[in-house]
Q: 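I'd like to ask some things about the structure below.
What you see below is based on every heavy atom in this structure, not just the backbone, and it leaves out hydrogens, waters and symmetry mates. Protein chains get the first letters and strands the later ones, always in sequence-line order, with residue 1 at the start of each.
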Amino acid sequence: MKQQNRINRMNGSYWVATLPGFLVFLCVVLIPFFIGFGYSFTAWNGIGKHAAFIGLENYKDVLTDDPKAIASIFFTARFTISVVIISNLLGFFLALGITALKRGQGPLRVVFFLPNVIGGLILGFIWRFLLINGLPAVGEFLHIELISSPWLGDASTAFWGTVIVYVWKTAGYLMVIYIAALLSIDQNLFDAAHIDGARALSILFRIKIPLIMPAITVCLFLMLSWAFKLFDVIFSLTGGGPFGATESFALNIYNEAFLYNNYGYASAKAVVFTLLVALLTLLQVKATKSREVQA
Amino acid sequence: MKNKMGISQIALLVLLTLLAFVFLLPFYFITINSVKTFSEIMKSPAALPSSLQLKNYEIAIRQVSFFRMLFNSLVITIGSVGGMVLLGSPAAWKLVRVPSKISAVFFTIYVAAMVIPFQSVMVPLVKVASEGNLLDNRLGLILIYWGFGQPFTVFLYHGFIKGVPYELEESARLDGCNDFTMFHAIVFPLLKTITVTVIILQTLWVWNDFLLPSLILYAKDLQTIPLSINRFFGQYKNQWDKALPILVLGILPIVLFFLSLQRFMIKGIAEGAVKG
C-alpha cells in the first residue's frame with residue numbers, strides 16, 4: 001500500500017484521466033441541478049428574462065394546493081409497491097423454474113428477457129394496441145368479460161394495465177439476476193440436503209432464499225428506483241389518463257414544465273421528487289446494511 | 001445416469017413454455033396485424049391475415065424515413081457509449097489506484113448523482129444546452145450523454161478495478177512504463193468483462209431513451225427511432241394499419257442486436273447487478 005502511494009500520485013496524468021469526464025458531467029448534470037434548485041424559488045414561466053423570487057411559495061403550493069400532484073404521488077406509490085412485489089415474485093419463480101430444468105434453459109431465458117430490450121415508449125404503444133384492440137377481441141371470442149372490457153378507459157383497469165405492461169418488461173431482467181444468484185450456490189449444499197432427506201420446500205426456504213439474499217436486495221432496489229421514476233411507458237400507453245388516473249409524478253412534473261410552462265413551479269416539484277428518491281435510497285441502503293450484518 | 005426426463009421435468013417445461021408463449025403474445029399481435037388492412041385489424045385482430053398488405057410497410061418506411069432514423073440512432077448510440085467508455089474507464093482506474101481525499105470526493109459525488117432523477121435536471125438543462133449551442137445537434141446530444149453516463153460508468157468500473165490485482169501494474173511501473181501506455185496496454189485489456197457490461201447497459205439506455213433526446217433534437221432529419229415513432233403516433237393516433245408496421249420496424253434493430261448477442265448480454269447484465 002505504501003509503495004502504491006509512492007508511485008501513484010496525483011500527478012498530471014491523474015487529472016488527464018479524471019477531469020474531462022467530470023467537467024462534462026459538471027456542465028450537463030450538476031450545474032443544471034443547482035440552477036433548477038434556484039428556479040424552484042421563483043415564478044419563472046420560461047419567457048421573461050427575469051424570474052420573480054417568491055420564496056417557498058411553490059413548495060407550499062405543491063403540498064397544500066395541488067391535488068393533481070398529490071394524486072400523482074399516490075399513484076406512483078401504489079404503482080411502485082405493486083410492481084416491486086409482482087415483478088420480483090414472477091422473476092424469482094421464473095428463475096427457480098428455469099434453473100430446475102435439465103434442457104431448454106437457454107431459449108426460455110431469451111424469451112422472458114426479450115421485452116426488456118425494447119424501450120418504454122415503444123412498449124407503451126405496442127400495449128395500447130393490445131389493450132384497445134387485441135385483448136378485447138380475444139375476450140369476446142372466449143367470452144371472458146374481464147379481458148374484453150376496454151382497459152384504458154377505466155381508472156382501475158388502466159392502473160392494472162400499466163402494472164401488467166411494466167411487469168412484462170422487467171420480470172425477465174430480475175430473472176437473469178436471480179438465475180445468476182441461484183447458479184452460484186454451491187451444489188454440494190443441495191446434495192447434502194438431499195442425503196439428509198430435505199424436501200424441495202425446505203431447500204427453497206432454508207438454503208436457496210437465504211443464500212441469494214444479496215440478489216433479492218439488488219432486485220428490490222432496482223425495481224424500486226425504476227418504478228418510482230416511471231415516465232415513458234405511461235407517456236405512450238395512457239398519457240396519464242383516463243382523467244389523470246395513471247399520471248405518475250415524473251409525468252406530472254413533465255406536464256407542469258413543458259405543457260403548462262410553469263418552470264419555477266415544476267422545479268419545486270422536481271426538488272420534492274429528488275428528496276423522495278433520496279429518502280427511498282437511504283432507507284434501502286440502511287436495510288441492506290442491517291441485513292448483511294445478520295447474515 | 002441416463003438423461004431421462006421425469007414427469008416433473010416435463011410438467012415444468014410445458015408450464016414454462018406456455019408462459020413463454022404468453023410473453024410473446026404482444027409481438028405476435030403487432031406482427032400479424034401489421035400486414036392487414038385497417039378494417040381487417042378492427043374486425044379480427046387475433047386471426048392470421050387473409051392477405052399480406054406489404055404495402056403497409058412500404059408506406060411506413062417512407063413516412064418515417066426509416067433509414068434516416070436508424071442512422072441517427074446508430075450515430076448517437078455509438079458516439080455516446082464510446083465516449084462513456086473512454087471517459088469513464090481511465091477516471092475510475094485513477095480513482096481506485098490513487099487513494100486520496102480528492103478521489104473519495106469524486107467518487108462520492110458520482111454515487112450521489114446516481115440518485116438525481118432526470119426530471120430535476122431537465123428544465124435548466126435545455127437552457128444550458130441552448131447557451132452551449134448543443135440544441136438540435138447530434139454531437140451536442142452525444143456530449144450530454146457523456147455527462148449523464150459518467151456516474152454509472154465510473155461506478156461500474158470502480159467496483160471491478162478494486163478486484164484487479166495491482167502486481168502487474170507495479171512491475172510495469174518499475175520497468176518505466178508511463179501512465180498512458182500502462183492504461184491502454186495493460187489495464188484496459190484486463191477490464192474487458194466490465195467494458196462489455198458497460199456497453200450493453202448504456203446502449204440499452206441510450207438507444208431506447210426518449211425524454212432527453214426529445215428535449216434536444218427538434219429537426220425532422222435528426223430524429224432517433226423513439227422520437228420518430230412518437231411524432232408519427234401524434235399524427236396517426238390509432239390508425240393501426242399505418243402505426244403497427246412502424247412499431248415492428250422500430251423494435252427490429254434492437255431485437256436483432258439482442259438475439260445475436262444474447263449470451264453476452266445476459267451475462268453482462270448479471271455481472272452489472274453483482275457490482276451494482
Q: Out of I31(A), V110(A), D232(A), which one racks up the most heavy-atom pairs below 4.5 Å with chain B?
A: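 Maximum pair count with chain B is reached by V110(A).
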
Q: In terms of heavy-atom proximity below 4.5 Å to chain B, should L108(A) be classed as side chain, backbone, both, or neither?
A: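 Only the side chain of L108(A) comes within 4.5 Å of chain B.
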
Q: Select, from V154(B), V126(B), I116(B), L15(B), the one with the greatest count of heavy-atom pairs under 4.5 Å involving chain A.
A: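 Of V154(B), V126(B), I116(B), L15(B), I116(B) has the most heavy-atom pairs under 4.5 Å with chain A.
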
Q: Can you list everything that forms a side chain to side chain contact (heavy atoms under 4.5 Å, CB included) with L280(A)? Sequence neighbours excluded, please.
A: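 For L280(A) the side chain to side chain contact (heavy atoms under 4.5 Å, CB included) partners, ignoring immediate neighbours, are L224(A), F228(A).
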
Q: I need the minimum non-hydrogen distance between Y14(A) and S100(B), along with the two atoms involved.
A: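 Y14(A) and S100(B) have their closest heavy atoms at OH-OG, 4.2 Å.
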
Q: Please look at L121(A) and chain B and tell me whether the side chain, the backbone, both or neither of the residue comes under 4.5 angstrom of a heavy atom of that chain.
A: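 Answer is side chain: those atoms of L121(A) sit under 4.5 Å from chain B.
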
Q: Between F233(B) and F125(A), what is the ring plane arrangement, given parallel below 30°, perpendicular above 60°, and tilted in between?
A: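 Ring orientation of F233(B) relative to F125(A): parallel.
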
Q: Work out which heavy atom in P151(B) is nearest to a heavy atom in F25(A); give both atom names and the distance.
A: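 The pair with the smallest heavy-atom distance is CG-CE1, 3.5 Å.
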
Q: Between Q9(B) (side chain only) and A100(A) (backbone N and O only), is there a donor and an acceptor less than 3.5 Å apart?
A: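 The answer is yes, because a donor-acceptor pair under 3.5 Å joins these two groups.
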
Q: Indicate yes or no: at least one non-hydrogen side-chain atom of I122(A) is less than 4.5 angstrom from one of L247(B).
A: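 Answer yes - side chains close enough.
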
Q: Could you please spell out the steps behind the side chain to side chain contact (heavy atoms under 4.5 Å, CB included) verdict for L114(A) and L24(B)?
A: CA-CA 9 Å; L114(A) 186 62; L24(B) 290 175; 4.1 Å; yes

Q: As an exercise, state the distance from OG of S267(A) to CD of Q119(B), rounded to the nearest 0.5 Å.
A: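 Here the rounded value is 11.5 Å.
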
Q: State, with a plain yes or no, whether a side-chain heavy atom of V121(B) is found less than 4.5 Å away from one of F34(A).
A: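 Not in contact.
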
Q: I'd like to verify something: which residue of W207(B), F106(B), F257(B), W146(B) has the highest number of heavy-atom pairs under 4.5 Å with chain A?
A: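 With the most close heavy-atom pairs to chain A, the winner is F106(B).
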
Q: Surrounding CZ of F180(B) (heavy atoms of other residues, nucleotides or ligands, distance under 6.0 Å), is the total greater than 12?
A: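 Counting other residues, nucleotides and ligands, CZ of F180(B) stays at 12 neighbours or fewer.
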
Q: Step by step, would you call I126(A) with I251(B) a side chain to side chain contact (heavy atoms under 4.5 Å, CB included)?
A: CA-CA 10 Å; I126(A) 291 176; I251(B) 65 173; 4.2 Å; yes

Q: Answer with side chain, backbone, both or neither: which region of F27(B) has an atom nearer than 4.5 Å to a non-hydrogen atom of chain A?
A: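 Side chain only.
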
Q: Under 4.5 Å from any heavy atom of chain B, what part of C27(A) do you find: side chain, backbone, both or neither?
A: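 Answer is backbone: N, CA, C or O of C27(A) sit under 4.5 Å from chain B.
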
Q: Just wondering, are more than 12 heavy atoms of other shown residues or ligands nearer than 6.0 Å to CZ in F258(A)?
A: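 Enclosed.
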
Q: Does any backbone or side-chain atom of Q150(B) lie under 4.5 Å from a heavy atom of chain A? Answer side chain, backbone, both or neither.
A: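 Side chain only.
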
Q: Pick one of side chain, backbone, both or neither for L19(B), based on which atoms fall under 4.5 Å of a heavy atom in chain A.
A: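 Both backbone and side chain.
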
Q: Side chain, backbone, both or neither: which part of M84(B) has an atom under 4.5 Å from a heavy atom of chain A?
A: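 Neither; nothing under 4.5 Å.
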
Q: If you compare all heavy atoms of T274(A) against all heavy atoms of S120(B), which two are closest, and at what distance to 0.1 Å?
A: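 In terms of heavy atoms, the two residues are closest at OG1-OG, 3.1 Å.
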
Q: With respect to chain B, which residue among G38(A), A257(A), G97(A) yields the maximal number of heavy-atom pairs within a distance under 4.5 Å?
A: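 Heavy-atom pairs under 4.5 Å are most numerous for G97(A).
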
Q: Counting only heavy atoms closer than 4.5 Å, note whether F93(A) contacts chain B via side chain, backbone, both or neither.
A: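 Contact with chain B involves no heavy atom of F93(A) at all.
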
Q: Closest heavy-atom contact between L130(A) and P26(B)?
A: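 In this case the closest contact between L130(A) and P26(B) is CD1-CB, 3.3 Å.
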
Q: For I254(B), which atoms come within 4.5 Å of any heavy atom of chain A: side chain, backbone, both, or neither?
A: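 Looking at I254(B), backbone and side chain both touch chain A.
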
Q: Pick one of side chain, backbone, both or neither for L201(B), based on which atoms fall under 4.5 Å of a heavy atom in chain A.
A: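 Side chain of L201(B) only, per the 4.5 Å heavy-atom cut-off to chain A.
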
Q: Mind ranking N230(B), I30(B), L204(B), I144(B) by heavy-atom pairs under 4.5 Å with chain A and telling me who comes out on top?
A: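 Answer, by heavy-atom pair count under 4.5 Å with chain A: N230(B).
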
Q: So which of L25(B), L16(B), L143(B), I109(B) has the biggest tally of heavy-atom pairs under 4.5 Å with chain A?
A: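 The residue among L25(B), L16(B), L143(B), I109(B) with the greatest pair count is L16(B).
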
Q: Please classify the contact between I98(A) and chain B as side chain, backbone, both or neither, with a heavy-atom cut-off of under 4.5 Å.
A: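 The answer is both parts of I98(A).
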
Q: Could you check Y263(A) against K127(B) for side chain to side chain contact (heavy atoms under 4.5 Å, CB included), going step by step and ending with a plain yes or no?
A: CA-CA 11 Å; Y263(A) 288 176; K127(B) 208 176 139 108; over 6 Å; no

Q: What are the two closest heavy atoms between K229(A) and M114(B), and how far apart are they?
A: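 Looking at all heavy atoms of both residues, the closest pair is NZ-O, 4.0 Å.
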
Q: What part of I41(B) lies closer than 4.5 angstrom to a heavy atom of chain A: side chain, backbone, both or neither?
A: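 Just its side chain gets close to chain A.
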
Q: For S103(B), is it the side chain, the backbone, both, or neither that has a heavy atom closer than 4.5 Å to a heavy atom of chain A?
A: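 Contact with chain A involves both backbone and side-chain atoms of S103(B).
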
Q: Using a cut-off of under 4.5 Å for heavy-atom pairs, which of S225(A), A17(A), G124(A), G172(A) has the most such pairs with chain B?
A: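 Sorted descending by pairs with chain B, the first entry is A17(A).
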
Q: Decide yes or no for I118(A) and N208(B): does some side-chain heavy atom of the first lie under 4.5 Å from some side-chain heavy atom of the second?
A: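 Side-chain contact under 4.5 Å: no.
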
Q: Can you say whether V128(B) sits under 4.5 Å from chain A via the side chain, the backbone, both, or neither, judging by heavy atoms?
A: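 It is the side chain, since no backbone atom gets that close.
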
Q: Which answer fits L90(A), side chain, backbone, both or neither, if we ask what part of it has an atom under 4.5 Å from a heavy atom of chain B?
A: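 Side chain only.
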
Q: L26(A), T281(A), L222(A), V176(A): which one forms the most heavy-atom pairs within less than 4.5 Å of chain B?
A: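 Among the listed options, the one with the most contacts to chain B is V176(A).
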
Q: Which bit of F22(A) is near chain B, if near means a heavy-atom gap under 4.5 Å: side chain, backbone, both or neither?
A: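 Both parts, heavy atoms under 4.5 Å.
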
Q: Tell me the closest heavy-atom pair linking P124(B) and P32(A), and the distance in Å.
A: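 That closest heavy-atom pairing would be CG-O, 3.2 Å.
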
Q: For the residue pair F258(B) and F113(A), is the inter-centroid distance of their aromatic rings smaller than 6.0 Å?
A: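 Ring centroids of F258(B) and F113(A) are less than 6.0 Å from each other.
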
Q: With a 4.5 angstrom heavy-atom cut-off, could you sort out which part of N33(B) is near chain A: side chain, backbone, both or neither?
A: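 For N33(B), the contact with chain A is made by the side chain alone.
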
Q: Who wins among Y39(A), Y254(A), F129(A) for the most heavy-atom pairs under 4.5 Å with chain B?
A: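 Going by pairs under 4.5 Å, I would pick F129(A).
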
Q: Might you work through the side chain to side chain contact (heavy atoms under 4.5 Å, CB included) test for F210(B) and S236(A), ending with a clear yes or no?
A: CA-CA 11 Å; F210(B) 164 69; S236(A) 57; over 6 Å; no

Q: Is L215(B) close to chain A through its backbone or its side chain, or both, or neither, when contacts mean heavy atoms under 4.5 Å?
A: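 Just the side chain, heavy atoms under 4.5 Å.
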
Q: Does V16(A) reach the side chain of D179(B), with side-chain heavy atoms less than 4.5 Å apart?
A: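 Sidechains of D179(B) and V16(A): no contact.
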
Q: Please flag which part of F23(B) lies under 4.5 Å from any non-hydrogen atom of chain A: side chain, backbone, both or neither.
A: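 The answer is both parts of F23(B).
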
Q: Counting only non-hydrogen atoms closer than 4.5 Å, does W240(B) touch chain A with its backbone (N, CA, C, O), its side chain (CB onward), both, or neither?
A: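 Only the side chain of W240(B) comes within 4.5 Å of chain A.
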
Q: Hey, does S13(A) have a side-chain heavy atom less than 4.5 Å from the side chain of F183(B)?
A: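 They are not in contact (no side-chain heavy atoms under 4.5 Å apart), so the answer is no.
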
Q: If you count heavy-atom pairs within less than 4.5 Å of chain B, which of P20(A), A250(A), G104(A), A278(A) leads?
A: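 Counting heavy-atom pairs under 4.5 Å, the top option is A250(A).
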
